[in-house]
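Before any comments, here is the structure.
Counting convention: from 1, in listed order, for ligands and their atoms alike. Source: prediction; values computed, not measured. In what follows, every heavy atom counts, from backbone to side chain, and hydrogens, waters and symmetry copies are set aside.
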Amino acid sequence: MVATTQTTGEGWSSRSAFILAAVGAAVGLGNIWRFPTLAGESGGGAFVIVYIACVFLLGLPLVLSEIFIGRVGQTDAVGSIRRVAAQSHASPGWSIFGAIGAVAAFLILSFYSVVAGWVLYYAGIFGGDFVQAITAGEPFRGALAGENQEQIQQRLSDMFASPGLLLTMHLFFMGLTLFIVARGVHSGIEKAATYLMPAFFVLLVGLVLYGAIEGDMGDAIAFLFTPDWSKLTPEVMNSALGQALFSLSLGVAGLITYGSYIKEGSGLGSTSAMIAVADTCVALLAGLMIFPIVFAVGLDPAAGPTLVFQTLPFAFQAMPGGALFGFLFFVLILVAAVTSSISLLEVPTAYGIGERGWSRPKSTLIFGGGAFVIGIFCLLGYNLWADVRPLGFWSLFAETDILDTIDGFTGKVMLPLVALLTAVFIGWKADRNLLRATTGLSPWAFGLWRFLIAWLCPIAVTIILVTGLFPSILT
Ligand code: PFF
């Protein structure tokens, strides 16, 4: 069995290339759109503190576990788990969680590309407005030429009502993702990360400074870091845990796949810590970028998923330089989304190469094309198929449209399930000597990791899974 697994033979050119690509995978819509949305809805500080605890106590041990599996396995997620299982005298059946993860990555990609398409459209709107502002001789005016809140809301509704527009944006974004992944690990994924991630950080710092100068940074800091423990309900804890998994790209075998391209060296512990720290800093900086602007214009931080598409455009409309900074903001999200979507496509692509023996272009096309088609269903759910409820028979998804059903099912069922199986596999099945030798952790760090992965992760993740599926338990 093990010997038949092909290795893709590709690899990162250096440790820093791997870190950049992995941070690129982690930093995405989850940090800039989902984190501020959830923090805003959940009352700020208390959510943020629980989120940070989840990242470091549960997320970080899982990041290290996934990278370990890839590093040892040196092939796609399914083959890598099978190899670790063989070296640990465990059943090859454990590779099932690699397969579930690859399916989850494929499904997430389908709607991720649709949402990234909205971002693309907004970058276009703001870009066009910025060009108009320059030609009108007022490069520093607010965006969207003084539109009121209803007009800005109308833009979002108009976009959702147009399947053709949504499809064009989705096609463009998926095409870009496919193009990069088809070029391979070194010339595609690594190169994209090497150019895009530095650009991302420059934009992020620039926009945070803009928020600090023009916005209300004091209120934003108080909102994000002063905990009001009365807001800490079980639902808030549950969503903080789910967000930690999503943001670190856990539960989709993404880091197993990226880890398999590490050719030499250890230091996996410090590498994992860097990924978790960078991802968390970006989420917090995204909060420190968005909320000063929202508060400066006196808007509601708890607007929900439209925070970025309605609240923020309205705020940019009123701020000096709003046309330029609004444009840069949407470019920033787009850059973050691309480096994540390529990691999502790489998981099934590597599976096609490693397990099916397909060529990279063929595998990319099959999985990218498949995700594109499912994405079309998602975008039709905003207009022609607005009444379709794919899992309507299940009370949890009774009212949920196509896109939100795929988001909810992957986030509430598949990701926690894969995370749970990863924790049990590493905590209870994997060979200790192999773990110790491959990770290169010091004895105390190794002991801590083993405790977190064998005990805390399985218990906490089981709680997310069960309370996510049966919310009535909490009431
Ligand atoms: N971590 C990404 C984000 O925060 O947007 C989402 C994601 C990307 C999840 C890649 C999973 C993945 F494999």
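- The ring pair (Phe, Tyr, Trp, His ring centres under 6.0 Å) contacts involving residues 42-85 comprise Phe35-Tyr51, where partners must be two or more places apart or lie in separate chains.
- Heavy atoms of other residues, nucleotides or ligands lying less than 6.0 angstrom from CE of Met237 number 12 at most.
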Which donor-acceptor pairs under 3.5 Å do side chains of residues 167-186 form with protein atoms, sequence neighbours excluded?
{"residue": "Thr168", "atom": "OG1", "partner": "Gly164", "partner atom": "O", "Å": "2.6"}
{"residue": "His170", "atom": "ND1", "partner": "Ser113", "partner atom": "OG", "Å": "2.8"}
{"residue": "His170", "atom": "NE2", "partner": "Phe372", "partner atom": "O", "Å": "2.9"}
{"residue": "Thr177", "atom": "OG1", "partner": "Phe173", "partner atom": "O", "Å": "3.0"}
{"residue": "Thr177", "atom": "OG1", "partner": "Ser341", "partner atom": "OG", "Å": "3.0"}

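- Of the charged side-chain nitrogens involved, at least one lies within less than 4.0 Å of a carboxylate oxygen, so that Glu346 and Arg360 count as a salt-bridged pair.
- Thr233 meets the side-chain contact (heavy atoms from CB on, under 4.5 Å) test with Glu235, Val236; sequence neighbours excluded.
- The closest side-chain donor-acceptor pair between Thr271 and Arg15 falls under 3.5 angstrom.
- Within 4.0 Å of ligand 1, protein heavy atoms belong to Ala25, Ala26, Gly28, Leu29, Gly30, Asn31, Tyr112, Phe246, Ser247, Ser249, Val252, Ser340, Ser343, Leu344, listed by chain and number.
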